[in-house]
Amino acid sequence: MERTNKKQDILDAALDLFSVNGFEATSIAQIAEAVGIKKASLYFHFESKQDLLDTLTGEIAKEYGEHSLFTSADWENAQFVESFLSNWSPEVMAEQVKKQIRYILHDPHICKVRKMLVLEQFRNEELSGMFSKRNYEDVLHYNNEFMKCLIQKGILKDGDSEIMAAQFCFPISMWLSVCDRQPEREDEIMELLDRHIRQFFEIYMK
């Protein structure tokens with residue numbers, strides 16, 4: 001999202017409004033007013049509010065993919081697994097997760113998209129699906145594959161990898177939502193997150 005033209009101004013204004021009012025409750029007129037243009041001028045750049053949303057979510061997804069732990073993992077690739085495990089430890093994992101959480105909390109685009117998805121999860125079927133995929137399915141899938149990998153390599157005790165993944169990642173998701181509502185608790189949450197990860201591996205490592 002590095003454009004400096006009017007189209008980028010429209011995307012930025014739309015994201016600001018969507019993150020506060022939600023997609024459904026934001027009108028094209030409100031977006032145009034926020035940019036300081038007429039509705040007709042906005043339609044020169046985007047065919048509809050849905051077109052605007054599709055462009056916005058596509059760009060944010062690309063941006064997120066460049067920084068996310070989840071999109072870079074390929075657990076079927078022996079070279080990726082070997083490289084990952086060569087630098088793996090509970091301490092390294094804790095730092096990686098904390099870095100990811102800070103990115104999610106503080107990147108202005110990612111933060112606003114997450115707020116929009118929370119607002120729209122019961123109102124817009126498309127955004128509800130995106131919310132479930134990003135906040136549940138992708139997170140659980142990554143951690144399930146991660147747990148299976150560590151079990152297969154003899155690092156973790158044998159067990160139900162999906163349940164282990166849920167035990168590992170869902171407290172982190174809960175703490176992330178606490179930070180959304182109470183940003184002043186971030187340092188406290190990071191300390192809890194660190195303790196959680198270290199204790200998890202104390203329990204499950206062979």
Side-chain angles (χ1 to χ4, degrees), residues 1-28 30-32 34-35 42-77 80 83-84 93 96-146 165-166 168-170 172-177 179-181 183 186:
M1 300 183 69
E2 296 180 353
R3 301 190 193 95
T4 57
N5 56 26
K6 188 61 68 177
K7 187 171 185 178
Q8 185 60 53
D9 293 340
I10 294 169
L11 288 169
D12 291 341
L15 182 56
D16 287 342
L17 289 167
F18 292 163
S19 68
V20 174
N21 303 326
F23 172 73
E24 298 291 346
T26 299
S27 68
I28 285 289
Q30 288 174 308
I31 298 169
V35 180
L42 190 150
Y43 284 120
F44 176 78
H45 298 283
F46 298 97
E47 294 180 0
S48 63
K49 189 170 69 165
Q50 184 64 47
D51 180 32
L52 201 164
L53 177 67
D54 292 342
T55 302
L56 184 62
T57 54
E59 292 199 1
I60 297 296
K62 181 180 178 181
E63 181 179 331
Y64 181 74
E66 294 172 355
H67 297 86
S68 174
L69 288 173
F70 308 135
T71 56
S72 62
D74 183 2
W75 300 108
E76 301 297 321
N77 186 314
F80 167 82
S83 175
F84 179 88
M93 188 67 185
Q96 287 179 338
V97 172
K98 287 190 288 185
K99 181 180 179 180
Q100 177 80 4
I101 295 300
R102 288 192 176 100
Y103 164 68
I104 291 171
L105 287 172
H106 296 293
D107 181 271
H109 299 142
I110 302 303
C111 178
K112 290 174 184 176
V113 167
R114 291 181 61 252
K115 290 178 180 178
M116 175 186 70
L117 294 179
V118 169
L119 289 170
E120 291 299 325
Q121 62 182 309
F122 301 114
R123 296 189 296 207
N124 183 291
E125 185 175 354
E126 176 191 358
L127 296 179
S128 176
M130 188 182 299
F131 181 86
S132 294
K133 183 177 187 303
R134 182 171 292 180
N135 291 276
Y136 174 73
E137 294 166 14
D138 288 351
V139 174
L140 187 59
H141 175 75
Y142 172 90
N143 284 284
N144 185 28
E145 295 301 312
F146 172 52
F168 179 76
C169 68
F170 290 149
I172 297 172
S173 296
M174 179 191 68
W175 285 323
L176 176 59
S177 68
C179 285
D180 282 335
R181 295 188 299 273
E186 182 176 335

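Values below: every heavy atom of this structure, side chains too, minus hydrogens, waters and symmetry copies.
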Legend entry - Cationic N near anionic O, under 4.0 Å, Arg123 to Glu120: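 Yes, charged N to carboxylate O under 4.0 Å.
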Close side-chain approach of [X] to [Y], heavy-atom, < 4.5 Å:
X: Ile10; Y: Ile31; value: yes
X: Asp107; Y: Glu63; value: yes
X: Met130; Y: Met116; value: no
X: Leu105; Y: Ile110; value: no
X: Phe84; Y: Asp74; value: no
X: Met93; Y: Phe168; value: yes
X: Phe18; Y: Leu56; value: yes
X: Val35; Y: Leu42; value: no

Legend entry - Atom of Thr26, atom of Gln30 and distance for their closest heavy-atom approach: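 Heavy atoms only, the tightest pair is CA-OE1, 3.3 Å.
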Legend entry - Nearest heavy atoms of Leu53 and Glu126, plus distance in Å: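 Of all heavy-atom pairs spanning Leu53 and Glu126, the closest is CD2-OE1, 4.3 Å.
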Legend entry - Qualifying residues under side-chain contact (heavy atoms from CB on, under 4.5 Å), relative to Ala165, sequence neighbours excluded: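 side-chain contact (heavy atoms from CB on, under 4.5 Å) check on Ala165 returns Leu140, Asn143, Asn144, Met147.
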Legend entry - Partners meeting side-chain contact (heavy atoms from CB on, under 4.5 Å) with His106 (sequence neighbours left out):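 Once residues adjacent in sequence are excluded, the partners of His106 under the side-chain contact (heavy atoms from CB on, under 4.5 Å) criterion are Arg102, Glu186.
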Legend entry - Ring center gap for Phe131 and Tyr136 short of 6.0 angstrom: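 Centroid separation for Phe131 and Tyr136: 6.0 Å or greater.
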Is it the case that over 12 heavy atoms from other parts of the model lie below 6.0 angstrom from the [atom1] atom of [X]?
X: His141; atom1: NE2; value: no
X: Phe170; atom1: CZ; value: yes
X: Lys49; atom1: NZ; value: yes

Inset, instruction - Establish, for the pair Lys7 and Phe46, whether the NZ or CZ atom is under 6.0 angstrom from the six-membered ring centre and no further than 45 degrees off its axis. - result: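 Yes; both conditions hold, so Lys7 lies above the ring face of Phe46.
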